[in-house]
Amino acid sequence: AFIIGGTSGIGEATSKLFAKEGAKVVVGGRNEEEGKRIVQEISDNQNEAIFVQVDTTKADEIKQATKKILDQYGTIDILYNGAGIHDGYKTVLDTEESDYDKIMEVNVKGPYLATKAVLPIFIEKGNGTIINVGSQATLVAGPGGSTYVTSKHAIEGFTKQLTYDFGQKGIKANLLAPGFVNTPMTEGIDDERLSDIPAKRGGKPEEVASAALFLASEDSNYMQGASLVIDGGWTVGR
C-alpha cells in the first residue's frame, strides 16, 4: 500500500491501520523525520513499512518512488492519494494566482501524477485499488475557500473518470470525503461549523482510516467511482 500524505493526520492513521491489518506499507511524503518516526512505530508493532521521500507535484520524484517500491516489494496493490493543503477560506478575490497554482498542484495534479505512475502496474496484473481523498468540500461550498473547494470537486470528477476508463480492467477507484477531522491541517482553524455537526465534534483520524481500510478491502469491491462521506452528518443539513 503506497500511502501518499502518510506522514501526518489521516494519512498517518491510515498507514498504521493498513500495516496492522497486514499490508506492507510505504509511507510517502516530504517530511523525512515524521515519515521515519511512523515507520519505526509500525516496526515496533511487528508490522512492515518503509518511508519514501516524495513531492507528489514532481513527476520525476513520483517515478523514482514507484521504482523504489517495485524494487522493494515487486508490486503495488493500493494507491492512497492523501496529500492536500487548505486555502484558509479565501474567496477568489483574496486568492493570489501563486496560491491558486500551489493548491491545485498539490490537491489535483499530485493525485494525477501518482495515479499515472502506478496505474500501468495495476493494469498489467488486472487489479488495483485507488483511494483519492476529497473532503466535504467535494460536495458543497463552505468547508474551504474558492480554490480548495474547486480542487476537491475536481478530485471527485477525476475519481469518476478513472472508474469510467479503467473499471473494466480491474481497477477500483473511490473517493474518501472526510469532514472536519482533528489533524495538523485543521489545527488553529476557528470553525463555527463544529456546532452544526450532528455528531457535535470533529472526527478522529482513526475513524477516517477505518473507512479507507473498507475501500481497500474486498468488502467494497462493488463500489466503483463512489464518494464515501465521513463528516459526522454535517452535510445532511446543507
Side-chain angles (χ1 to χ4, degrees), residues 2-12 14-15 26-35 51-69 76 78-121 130-163 165-166 173-178 181 183-189 208 212 227:
F2 187 13
I3 311 295
I4 295 175
T7 58
S8 68
I10 296 170
E12 175 179 351
T14 300
S15 295
V26 179
V27 179
R30 292 180 296 177
N31 192 323
E32 182 176 9
E33 182 179 354
E34 286 299 292
F51 170 69
V52 173
Q53 191 169 34
V54 61
D55 181 342
T56 59
T57 67
K58 295 179 171 57
D60 286 345
E61 291 194 21
I62 282 288
K63 290 176 183 176
Q64 290 170 9
T66 302
K67 183 180 183 303
K68 184 174 181 179
I69 298 166
I76 300 172
I78 300 162
L79 173 64
Y80 175 97
N81 286 311
I85 55 176
H86 201 267
D87 63 359
Y89 300 98
K90 291 181 180 179
T91 70
V92 64
L93 294 176
D94 300 324
T95 303
E96 297 294 332
E97 184 178 354
S98 59
D99 293 333
Y100 174 90
D101 288 343
K102 183 63 177 177
I103 291 164
M104 295 299 287
E105 190 176 40
V106 173
N107 292 2
V108 182
K109 185 179 179 181
Y112 149 74
L113 289 175
T115 301
K116 188 173 183 179
V118 173
L119 195 54
I121 301 166
I130 300 169
I131 301 170
N132 292 321
V133 179
S135 160
Q136 50 193 11
T138 296
L139 308 175
V140 296
S146 176
T147 311
Y148 183 78
V149 170
T150 298
S151 73
K152 292 303 182 180
H153 273 63
I155 203 68
E156 183 178 44
F158 178 58
T159 305
K160 289 178 178 179
Q161 191 66 36
L162 284 173
T163 295
D165 291 335
F166 301 106
N174 288 296
L175 182 102
L176 195 61
V181 180
T183 68
M185 192 174 79
T186 59
E187 187 175 344
I189 295 177
V208 183
S227 296

Note to self: Strictly distance-based, threshold 3.5 Å: is any side-chain N or O of Glu12 a donor or acceptor partner for the main-chain N or O of Gly6?
What the structure shows: no
Notebook entry, point to check: If you measure from NZ on Lys152 to CD on Gln136, what distance do you get to the nearest 0.5 Å?
Noted result: 11.5 Å
Note to self: Tell me the closest heavy-atom pair linking Lys68 and Phe51, and the distance in Å.
What the structure shows: NZ-O, 3.7 Å
Note to self: Are the side chains of Arg30 and Thr7 in contact, using a 4.5 Å heavy-atom criterion?
What the structure shows: no
Check: About how many Å separate OG of Ser15 and CD1 of Ile4, when rounded to the nearest 0.5 Å?
Finding: 11.0 Å
Item checked: Separation of Ser146 OG from Ile103 CD1 (nearest 0.5 Å) -> 9.0 Å
Item checked: Straight-line distance of Ile69 CD1 to Lys67 NZ, nearest 0.5 Å -> 12.0 Å
Check: Between Leu176 and Val208, does a side-chain contact (heavy atoms from CB on, under 4.5 Å) hold up when you go through it step by step?
Finding: CA-CA 8 Å; Leu176 195 61; Val208 183; 3.5 Å; yes
Note to self: If you compare all heavy atoms of Ala65 against all heavy atoms of Val52, which two are closest, and at what distance to 0.1 Å?
What the structure shows: CB-CG1, 3.4 Å
Just distance, no hydrogens or angles: give the donor-acceptor pairs under 3.5 Å from side chains in residues 106-116, sequence neighbours left out.
| from | atom 1 | to | atom 2 | distance (Å) |
| --- | --- | --- | --- | --- |
| Asn107 | OD1 | Ile85 | N | 2.9 |
| Asn107 | ND2 | Ile85 | O | 3.0 |
| Asn107 | ND2 | Ser151 | OG | 3.1 |
| Thr115 | OG1 | Asn81 | ND2 | 3.3 |
| Thr115 | OG1 | Pro111 | O | 2.7 |

Check: Which heavy-atom pair separates His86 from Pro143 by the least distance, and what is that distance?
Finding: NE2-O, 3.1 Å
Notebook entry, point to check: Between His153 (side chain) and Ala141 (backbone), is there a donor-acceptor pair under 3.5 Å?
Noted result: no
Check: Taking side chain as C-beta onward, heavy atoms only, is Ile62 less than 4.5 Å from Thr56?
Finding: yes
Item checked: Residues forming a side-chain hydrogen bond (donor to acceptor under 3.5 Å, both in side chains) with Lys58, sequence neighbours excluded -> Asp55
Check: Hey, mind stepping through Asp101 and Ser98 against side chain to side chain donor-acceptor pair (under 3.5 Å) and telling me if it holds?
Finding: CA-CA 5 Å; Asp101 288 343; Ser98 59; over 6 Å; no
Next item on the list: Check whether any side-chain heavy atom of Ile121 sits under 4.5 Å from a side-chain heavy atom of Thr66, and report yes or no.
Entry: yes
Notebook entry, point to check: Can you name the closest pair of heavy atoms from Gly134 and Pro178 and give their distance?
Noted result: O-CD, 3.5 Å
Item checked: Note, Met104 side chain near Thr150 side chain (heavy atom, < 4.5 Å) -> yes
Next item on the list: Flag the pair Thr183 / Ser8 as yes when at least one side-chain heavy-atom distance between them is below 4.5 Å, and no otherwise.
Entry: no
Check: Can you find a heavy atom in the side chain of Tyr148 that is under 4.5 Å from one in the side chain of Thr95?
Finding: no
Listing, residues 154-163 side-chain donor-acceptor contacts under 3.5 Å, not counting sequence neighbours, or none:
| from | atom 1 | to | atom 2 | distance (Å) |
| --- | --- | --- | --- | --- |
| Glu156 | OE2 | Ser227 | OG | 2.8 |
| Thr159 | OG1 | Asn132 | ND2 | 2.9 |
| Thr159 | OG1 | Ile155 | O | 2.8 |
| Gln161 | NE2 | Asp165 | OD1 | 3.1 |
| Gln161 | NE2 | Asp165 | OD2 | 3.3 |
| Thr163 | OG1 | Thr159 | O | 3.4 |
| Thr163 | OG1 | Ala173 | O | 3.3 |
| Thr163 | OG1 | Gly225 | N | 3.0 |

Notebook entry, point to check: How long is the span from the CD1 atom in Ile76 to the CD1 atom in Ile130, to the nearest 0.5 Å?
Noted result: 11.0 Å
